[in-house]
There are 2 protein chains.
Amino acid sequence: MAQSDTVDRILDAAEELFAERGFSETSLRMITSKARVNLAAVNYHFGSKNALIHAVFGRFLTPFSATLGNAFDELEASCKGNPPTLNQTLWALTASAIRMPQRNERGISIFMRLLGLAYTQSQGHLRKFLEQEYSQPFGRFMGLLKEATPELSAVDRYWRIQFMLGATAFTMSSSDALRDILRNKLGVETTVQEIAARLVPFLAAGMQAHDTVLVPPADFKIPVA
Amino acid sequence: MAQSDTVDRILDAAEELFAERGFSETSLRMITSKARVNLAAVNYHFGSKNALIHAVFGRFLTPFSATLGNAFDELEASCKGNPPTLNQTLWALTASAIRMPQRNERGISIFMRLLGLAYTQSQGHLRKFLEQEYSQPFGRFMGLLKEATPELSAVDRYWRIQFMLGATAFTMSSSDALRDILRNKLGVETTVQEIAARLVPFLAAGMQAHDTVLVPPADFKIPVA
DNA sequence: ATGTGCGTCAAACGTATGTTTCAAACAGAC
DNA sequence: GTCTGTTTGAAACATACGTTTGACGCACAT
């Protein structure tokens with residue numbers, strides 16, 4: 001019943017509202033009234049709205065990057081010197097995300113949506129915070145991708161990684177809405193696990209595509225690598 | 001020197017600022033001062049900020065959807081009854097986007113970034129506007145995709161289309177920044193055409209991936225379709 | 001010349017935001 | 001019980017926002 005109650009209630013409410021509506025579109029008054037907490041509590045406990053945003057990310061990103069590090073350790077150990085394959089690397093990441101202890105059943109959606117927003121919304125302070133706080137696991141993931149796709153040129157790999165990030169961040173950032181559409185249109189229920197299970201093969205196939213350019217329009221200049 | 005000047009200056013400034021910073025993060029005062037126009041001009045000419053956002057989209061989406069319609073017409077005519085292939089369909093879309101008359105050299109980047117924002121930011125009014133205004137070309141594109149991938153289940157196709165949209169919108173929406181990084185890191189210059197030439201094979205390969213799930217972690221439940 | 005309609009302008013409106021203030025309530029140590 | 005540092009409470013702060021207002025200037029038809 002000490003501070004923890006207020007702090008956690010604020011973080012819970014903020015997390016949910018940010019995921020629903022974005023950062024600029026969520027006011028402190030929405031957060032504090034959802035958390036049933038006084039308005040001043042946010043600035044008292046966190047200092048500012050931006051610091052609250054950082055705290056929301058830190059709360060799940062710190063344990064996640066630890067989990068991810070362990071997953072990569074296990075993966076590399078089980079490969080005994082050989083570099084992990086692309087599929088293994090992607091699955092290690094995906095499984096780590098999905099296995100994170102959830103505060104509630106929507107935890108994974110919220111997690112993903114927040115990451116997507118972080119990447120998409122141009123909140124400069126957030127990107128800076130994430131870069132200097134979590135560059136290590138990100139760099140390790142990149143290194144594994146490089147080892148898993150030695151046949152790609154650096155430029156090709158760079159762009160394809162961007163494509164993967166895009167497909168993932170974008171899909172996850174609106175996964176709730178997309179699930180709703182699918183339910184109404186085809187009457188199908190979908191879990192985040194199922195989305196991930198469909199996403200990984202898509203990414204792997206794209207990452208390993210042969211670079212042949214098929215049937216471009218006649219007047220469309222194909223650049224040479 | 002009539003109204004057109006003011007209206008277009010507002011649209012130009014708004015387009016650029018929206019693409020840079022998003023919708024909520026761009027105030028009317030930023031727009032009008034960049035356009036060197038009186039604050040009240042926006043509400044006078046457009047009625048509201050939301051209507052201005054719609055106008056920005058309409059200005060390039062209306063000619064684009066016409067161009068795209070023609071491209072699809074040509075493509076279907078050249079196929080004489082056979083449905084166009086996935087590659088042909090993707091190239092028709094890509095080439096139409098690239099061939100659009102540009103207001104300046106960054107036109108295509110701005111175009112793509114705005115589309116990405118429209119998809120990502122939870123601006124309800126924008127989504128509604130786009131749906132009721134441009135559902136026809138979008139639906140036609142979806143139909144072509146369906147004919148080009150008859151082997152996919154409806155659910156698989158739905159998700160893979162979302163993945164494609166994500167990779168495209170996301171990459172294009174930050175293509176300026178990504179190009180800068182590539183220039184600084186590898187000393188390589190990149191055009192939007194080159195990005196497209198790399199993106200299309202990636203998308204096509206992902207779209208046609210075999211749905212085999214390789215090397216999932218032992219305790220990761222693979223959902224069955 | 002004169003009135004009419006359209007576009008511009010500076011100023012203000014009401015509302016909502018993030019943040020600050022300061023008194024009251026509370027905890028635990030002595 | 002009293003003191004001390006921490007946490008809450010209601011209220012106000014200054015600022016920024018989208019929008020509205022009414023006066024003003026200017027073209028052009030009468």
Side-chain angles (χ1 to χ4, degrees), chain A residues 1-59 114 117-118 121-126 128-129, chain B residues 1-59 117-118 121-129:
Chain A
M1 181 65 89
Q3 70 167 63
S4 59
D5 205 36
T6 297
V7 169
D8 284 340
R9 289 234 301 277
I10 291 175
L11 285 173
D12 288 340
E15 180 178 274
E16 205 156 333
L17 286 171
F18 285 153
E20 267 175 28
R21 328 177 16 102
F23 304 112
S24 317
E25 293 83 357
T26 301
S27 71
L28 290 184
R29 284 169 175 81
M30 291 179 197
I31 294 171
T32 54
S33 84
K34 180 182 179 99
R36 294 195 315 282
V37 148
N38 187 271
L39 171 61
V42 169
N43 284 282
Y44 175 77
H45 287 289
F46 297 95
S48 70
K49 183 181 178 180
N50 280 353
L52 170 62
I53 296 177
H54 298 173
V56 167
F57 275 85
R59 186 168 63 151
L114 285 177
L117 286 180
Q121 314 229 144
S122 64
Q123 304 265 354
H125 68 95
L126 219 193
K128 207 171 297 178
F129 167 79
Chain B
M1 182 67 91
Q3 70 166 64
S4 58
D5 206 38
T6 297
V7 169
D8 283 340
R9 290 235 299 278
I10 291 175
L11 285 173
D12 288 339
E15 180 179 273
E16 207 157 330
L17 286 171
F18 286 154
E20 267 174 28
R21 328 177 16 102
F23 304 111
S24 316
E25 293 83 357
T26 302
S27 70
L28 289 184
R29 285 168 175 83
M30 292 179 197
I31 294 171
T32 54
S33 85
K34 179 181 180 102
R36 296 196 313 282
V37 148
N38 187 273
L39 170 63
V42 169
N43 284 281
Y44 175 76
H45 287 289
F46 298 94
S48 70
K49 182 180 180 182
N50 281 353
L52 170 62
I53 296 176
H54 298 173
V56 167
F57 276 84
R59 186 167 64 149
L117 287 180
Q121 316 229 143
S122 63
Q123 304 266 356
H125 68 95
L126 220 193
R127 198 174 288 216
K128 208 171 295 180
F129 168 77

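Per chain, numbering begins at 1; letters A, B, ... match sequence-line order.
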(request) Give A:T26 one of three labels, base, sugar-phosphate or nothing, depending on what nucleic acid heavy atoms sit under 4.0 Å from its own. (result) sugar-phosphate

(request) Rounded to the nearest angstrom, tell me the gap between atom CG in A:N38 and atom C1' in D:dG9. (result) 5 Å

(request) Please report the shortest heavy-atom distance between B:A35 and B:R9, naming the atom on each side. (result) O-NE, 2.8 Å

(message) Whole angstroms only, please: what is the NE2-P distance between B:H125 and D:dG18?
(response) 12 Å

(message) According to side chain to side chain donor-acceptor pair (under 3.5 Å), who are the partners of A:N50, at least two apart in sequence or on a separate chain?
(response) A:H125

(request) Using a heavy-atom cut-off of under 4.0 Å over every strand shown, decide if A:T32 touches base, sugar-phosphate, or nothing. (result) nothing

(request) Would you mind reading off the distance between B:N43 atom CG and D:dG22 atom C1', rounded to a whole angstrom? (result) 16 Å

(request) Consider the side chain of B:S48, meaning its heavy atoms from C-beta on, and name the nucleotide among D:dT19, D:dT7, C:dG7 that approaches it most closely. (result) D:dT19

(message) As a test of reading the structure: which of D:dT8, C:dT8, D:dA12 is closest to the side chain of A:R29, going by heavy atoms?
(response) D:dA12

(request) Quickly work out the B:H45 NE2 to D:dT20 C1' distance and round it to whole Å. (result) 16 Å

(request) Check every atom of C:dG7, D:dT20, D:dA10 against the side chain of A:A40 and return the nucleotide holding the closest atom. (result) D:dA10

(message) Angle between ring planes, B:F23 versus B:F57, binned at 30° and 60°: parallel, tilted or perpendicular?
(response) tilted

(request) Counting heavy atoms from C-beta on, name the nucleotide in C:dG7, D:dT21, D:dT7 closest to the side chain of A:Y44. (result) D:dT7

(request) Quick one: closest heavy-atom pair of B:A14 and B:L52, and the distance? (result) CB-CD2, 4.0 Å

(request) Specify the closest pair of heavy atoms between A:T32 and A:N38, including all atoms of both residues, with the distance to one decimal. (result) CG2-O, 3.6 Å

(request) Could you pull out all residues at least two apart from B:F46 that satisfy ring pair (Phe, Tyr, Trp, His ring centres under 6.0 Å)? (result) none

(request) Between D:dT19, C:dT19, D:dT7, spot the one nearest the side chain of B:L28, thanks. (result) D:dT19

(request) Mind listing the residues from residues 50-58 of chain B sitting with a heavy atom below 4.0 Å of DNA chain C? Number order is fine. (result) none

(message) How long is the straight-line distance from NZ of B:K128 back to CG of B:L126, given to the nearest 0.5 Å?
(response) 11.5 Å

(request) Take atom NZ of A:K49 and atom P of D:dA16, then tell me their distance rounded to the nearest Å. (result) 15 Å

(message) So, does B:T6 get its side chain near the phosphate of C:dT8, meaning an N or O under 4.0 Å from OP1 or OP2?
(response) yes

(request) Select one nucleotide: of C:dT19, D:dT19, C:dT8, the one nearest the side-chain heavy atoms of A:L39. (result) C:dT19

(message) Tell me the closest heavy-atom pair linking A:T26 and A:L17, and the distance in Å.
(response) OG1-O, 3.4 Å

(request) Provide, to the nearest angstrom, the distance between the CD atom belonging to A:E25 and the C1' atom belonging to C:dA16. (result) 14 Å

(request) Starting from P on D:dG18, measure out to CE on B:M30 and report it in whole angstrom. (result) 8 Å

(request) Using heavy atoms to find the nearest nucleotide of DNA chain C for A:S27 and A:G47 separately, return the residue whose nucleotide is more 5′. (result) A:S27

(request) Could you tell me the separation between the CG atom of B:D5 and the P atom of D:dC26, rounded to a whole number of Å? (result) 17 Å

